[in-house]
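This report refers to the structure that appears directly beneath it.
For the single chain, residues carry numbers from 1 onward in sequence order. Basis for what follows: all heavy atoms, side chains included, without hydrogens, waters or symmetry-related copies.
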Amino acid sequence: MASSAGVVEVSMWQPQDEGLREICGLLEQQMAPTSDDKTVIWQRLQQYSQFPDFNNYLAFIFARGEGKSVEVRQTAGLLLKNNLRSAFKTMPAANNQYIKSVLLPCLGAADRHIRSTAGTIISTFVQIGGVVGWPELLHALVKCLDSNDVNHMEGAMDALSKICEDVPQVLDSDVPGLSERPINAFLPRFLQLFQSPHTTLKKLSLGSVNQYIMLMPTVLHLSMDKYLQGLFILANDPAPEVRKLVCAAFVQLIEVRSAVLEPHLRNVIDYMLIVNKDSDDEVALEACEFWSAYCEAELPPENLREFLPRLIPILLSNMAYSDDDESLVEAEEDGSIPDRDQDLKPRFHASRFHGSEDVEEEDDDIVNVWNLRKCSAAALDFISNVFGDEILPTLMPIVQTKLSATGDEAWKDREAAVLALGAIGEGCINGLYPYLSEIIAFLIPLLDDKFPLIRSISCWTLSRFSKYIVQGTAHQEGHDKFDKILMGLLRRILDDNKRVQEAACSAFATLEEDAADELAPRLGVILQHLMCAFGKYQRRNLRIVYDAIGTLADAVGAELNQPSYLEILMPPLIAKWQQLSNADKDLFPLLECFTSIAQALGTGFSQFAQPVFQRCINIIQTQQLAKVDPVSAGAPYDKEFIVCSLDLLSGLTEGLGPGIESLVSQSNLRDLLLQCCMDDAYDVRQSAFALLGDLARVCPVHLHSRLPEFLDVAAKQLSSPKLKETVSVANNACWAIGELAIKVRKEMTPVVLTVISSLVPILQRPEGLNNSLIENSAITLGRLAWVCPELVSPHMEHFMQPWCIALSMIRDDIEKEDAFRGLCAMVRANPSGALNSLVFMCKAIASWHEIRSEDLHNEVGQVLHGYKQMLQNGAWEQCMSALEPPVKEKLSKYQVL
């Protein structure tokens with residue numbers, strides 16, 4: 001191979017026959033369906049890639065490989081595209097130039113596969129290096145578009161459509177040497193192609209313009225009328241892929257540029273209603289997105305109101321399963337058939353988070369694949385939240401008709417009606433409320449319907465009303481209904497159909513969250529059903545049972561800590577725990593489940609704690625070794641094992657309290673934890689700092705020998721340049737520092753000012769940060785001030801104002817008490833430091849509903865009286881007059897007004 005060819009002139013480079021033969025041979029072997037060892041072939045191709053001109057060979061085979069099959073040429077082109085990402089920066093300029101020069105003629109190749117691959121490679125070049133270093137490209141693309149040769153036009157449009165999709169901003173930027181931005185030359189040509197007789201050109205040009213709706217370059221803004229005119233012309237195009245792109249354009253415009261559609265809105269809505277019934281499901285699905293987009297954009301409801309009588313029947317019609325829906329096949333799957341690996345959806349463990357913000361979880365919808373049915377249900381949900389009970393007179397007669405349809409052939413209509421009731425369960429609850437008892441009474445028997453998809457959707461719809469079902473338990477009739485629903489869901493948890501099992505478990509988990517106290521008297525029967533399911537389910541649904549058990553533990557707490565319940569619950573879980581290896585991903589949901597159980601049982605978990613604790617330690621050790629040497633570890637590295645184990649250790653620490661001390665003292669947890677606090681994966685650090693804070697609360701003595709290192713690494717999280725991306729890590733680190741501070745007190749001295757210097761900017765510039773980080777920053781600053789007032793108080797005038805604003809947002813609790821002890825300690829040490837922020841301090845004090853600690857209440861009173869005595873000649877009265885009446889009223893209990 002001509003390894004020195006990279007430095008010679010472009011026009012001179014020629015492949016050597018031997019190298020060409022070898023590479024083509026390898027590419028042919030790679031593609032052969034009978035090829036046994038593709039790994040060896042791949043390794044040889046990788047060896048070739050060490051030669052500077054290997055990519056020239058690939059380009060030559062792709063562009064000039066006459067006599068070679070299109071498949072071989074395509075394979076060479078795609079390998080070249082992949083290589084560009086790693087080789088571009090080190091590629092000799094002459095090689096770069098050679099590859100570019102042979103690519104451009106391929107735009108007009110006779111074979112469309114070659115044209116398309118050329119477009120992919122060109123787009124990759126542009127993604128990596130922009131267009132600045134390739135002036136010939138723009139000229140060639142314009143020339144092809146203006147050529148009237150269909151192959152050249154399609155080749156250029158293919159490349160441009162990929163550039164517009166991957167890096168649209170490149171064409172909407174100033175390019176040195178060009179008088180205008182490239183998009184100014186291309187966009188009018190795209191719009192012109194809307195009128196092409198060729199479907200491919202219409203599709204590619206329309207798709208390319210759609211990519212600029214968000215960026216809205218000047219040229220598109222000025223051409224908006226022409227663009228809209230083009231959309232209206234293409235709206236009835238015979239090609240479904242073109243109609244789909246027209247719908248996508250209207251959806252994007254209503255989301256981000258609704259003003260341009262306003263003059264045409266009636267026509268657009270009218271069109272969307274028609275294509276929402278399109279014979280092509282993908283077009284209908286794209287059109288259906290419009291209704292949710294309209295509602296989410298918070299546009300005036302009145303523009304849509306008059307169309308509701310036409311829209312609602314369409315949505316309901318589209319909510320019925322289509323005959324070719326893959327869910328119909330899945331729904332027939334027997335619960336006794338083992339799951340294949342590909343049946344298991346990827347799962348994501350949410351790392352432990354210490355703070356006030358609950359992350360809102362998406363509904364576990366019964367439909368897993370986004371399709372017209374699901375999109376229609378989502379649209380109905382949005383519409384019900386915007387229009388509320390107004391839609392019921394149109395909707396309910398259709399729902400009632402569908403529900404009363406008899407016969408097996410009408411089951412899909414009945415199922416769609418139940419889905420519709422669930423979809424409007426939130427938005428129309430006021431109008432439904434008087435009939436809720438009847439609706440629920442109607443749904444309960446459907447839990448036992450002969451059709452599995454009716455059983456599953458009934459579970460979901462009942463879960464949408466769970467808050468109201470639980471509220472009804474205050475009277476006997478509601479109590480009986482709750483029992484019927486509970487038992488109905490438990491029966492369905494033991495259904496033989498996998499789809500119904502999944503729906504019932506998810507619905508039950510929702511009911512558990514809302515019912516909490518109502519579950520305690522029924523714990524025995526609930527546990528029996530859940531553990532029966534545990535023995536019956538295949539791997540995928542087993543994960544949902546774990547979740548239901550964990551949610552149950554969270555809901556009932558210490559009620560679970562009874563021998564009779566633990567005898568039902570723990571043996572099967574422990575058997576599964578022993579059966580799974582440390583490298584089995586099925587361990588994740590079990591670790592999460594144990595975390596909830598440990599927290600619920602508290603010290604009652606002691607009897608199970610030692611093996612659980614030790615296994616977590618082993619898993620973390622194995623994974624930390626696997627990170628550097630997977631062969632020695634005997635397992636591939638997967639950080640999720642570490643995260644789940646850290647979180648379970650946190651659950652154990654929270655549950656056992658000081659009882660965890662003996663386990664910690666006999667382990668190397670401290671050293672492992674410090675390593676995890678320094679891990680490069682942010683979710684490992686997030687869980688590690690949560691555990692650090694939990695351990696600080698109950699056994700700080702075991703952190704002692706490495707305390708400076710823990711404090712140093714925690715402080716670094718607060719001043720990260722990527723704070724917004726790693727805000728949850730900073731949040732937990734901040735909380736852990738505060739927990740350590742109140743335990744080790746004066747030993748915080750070396751890091752106090754470092755931490756304060758990181759906390760103050762967070763409080764001064766809270767924009768874009770979550771409330772938990774701001775609250776924890778305020779609390780930790782207060783705790784540091786409490787334990788080291790002599791170090792913090794000299795700087796208080798720099799942060800008093802934003803700190804007091806943050807304190808006034810925190811709800812009454814023990815952590816807020818600590819922060820106010822810090823405030824009082826600082827004021828005693830440096831009273832003048834708060835003078836300029838006195839109004840803000842008074843508002844912070846007034847934010848308390850009630851200070852339960854008598855000594856803190858007295859300290860706060862002394863602070864206020866101190867300032868009243870300090871501020872003479874009407875200055876105190878002037879300060880008080882700046883306060884709103886409710887604040888003054890709260891301060892009156894301190895007798896300072």
Side-chain angles (χ1 to χ4, degrees), residues 1-129 133-134 136-137 140 151 155 158-159 162 631:
M1 184 176 279
S3 57
S4 60
V7 294
V8 299
E9 286 295 315
V10 172
S11 56
M12 297 286 290
W13 189 88
Q14 288 294 326
Q16 291 185 1
D17 289 346
E18 186 189 348
L20 200 58
R21 259 197 319 275
E22 281 186 39
I23 294 170
C24 284
L26 282 173
L27 294 173
E28 282 165 359
Q29 281 179 271
Q30 173 79 358
M31 288 164 45
T34 55
S35 175
D36 289 333
D37 202 350
K38 296 199 180 217
T39 315
V40 174
I41 300 165
W42 181 247
Q43 284 169 348
R44 287 190 59 196
L45 285 169
Q46 289 302 301
Q47 286 166 359
Y48 275 117
S49 67
Q50 306 308 309
F51 291 102
D53 58 353
F54 175 59
N55 290 319
N56 289 29
Y57 276 85
L58 293 176
F60 182 89
I61 295 165
F62 170 68
R64 296 186 176 165
E66 285 84 2
K68 294 292 169 194
S69 71
V70 168
E71 290 78 14
V72 167
R73 291 174 64 188
Q74 257 192 301
T75 304
L78 293 172
L79 187 53
L80 169 62
K81 185 245 338 179
N82 293 336
N83 287 354
L84 282 177
R85 298 196 181 279
S86 54
F88 186 83
K89 287 179 181 169
T90 55
M91 189 188 290
N95 291 6
N96 187 320
Q97 201 58 40
Y98 171 77
I99 294 168
K100 288 175 177 176
S101 69
V102 297
L103 273 179
L104 290 180
C106 295
L107 288 171
D111 187 283
R112 70 182 175 86
H113 297 102
I114 298 296
R115 294 197 299 270
S116 178
T117 306
T120 303
I121 303 168
I122 287 167
S123 171
T124 304
F125 260 116
V126 174
Q127 281 180 61
I128 299 167
W134 197 358
E136 305 89 346
L137 172 65
N151 287 349
D158 184 283
K162 286 164 180 165
V631 178

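Within the 4.5 Å cutoff, the side chain of Phe125 has heavy atoms near those of the Asn96 side chain. Looking at Leu78 and Phe62, their side chains never come closer than 4.5 Å, going by heavy atoms from C-beta outward. Residues Asn56 and Pro15 form no side-chain contact, since every pair of their non-hydrogen atoms from C-beta on lies 4.5 Å or further apart. In this structure, Trp13 and Val102 have side chains that are not in contact, with every pair of non-hydrogen atoms separated by 4.5 Å or more. Between Phe54 and Leu79 the shortest side-chain heavy-atom distance falls below 4.5 Å. Contact annotation: the side chain of Arg64 never approaches that of Arg73 to less than 4.5 Å [non-hydrogen atoms, C-beta and beyond]. Looking only at side-chain heavy atoms (C-beta outward), Ile99 and Met91 come within less than 4.5 Å of each other. In this structure, Glu28 and Lys68 have side chains that are in contact, with non-hydrogen atoms separated by less than 4.5 Å.
Atom OG1 of residue Thr124 and atom CZ of residue Arg85 lie 5.0 Å apart, to the nearest 0.5 angstrom.
With sequence neighbours excluded, the residues satisfying side-chain contact (heavy atoms from CB on, under 4.5 Å) with Thr120 are Lys81, Lys162.
At distances below 3.5 Å, at least one donor-acceptor pair connects side-chain atoms of Tyr57 with backbone N or O atoms of Gln16. Under the 3.5 Å distance criterion, the side-chain polar atoms of Arg115 are matched with a main-chain donor or acceptor of Ala109. Not a single donor-acceptor pair under 3.5 Å links the side chain of Ser123 to the backbone N or O of Gly119. Looking only at distances, a side-chain donor or acceptor of Thr75 sits under 3.5 Å from a matching main-chain atom of Glu71.
Asn83 and Asn55 form a side-chain donor-acceptor contact under 3.5 Å, judged by distance and modelled atom types alone.
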Can you list the steps and then say if Tyr98 with Leu103 is a side chain to side chain contact (heavy atoms under 4.5 Å, CB included)?
CA-CA 9 Å; Tyr98 171 77; Leu103 273 179; over 6 Å; no
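Nearest heavy-atom pair across Ile121 and Gly77 is CD1-O, 3.5 Å. The minimum heavy-atom distance between Leu107 and Ala159, with the atom names listed, is CD2-CB, 4.1 Å. The shortest non-hydrogen separation linking Asp158 to Ser116 is OD1-O, 3.5 Å.
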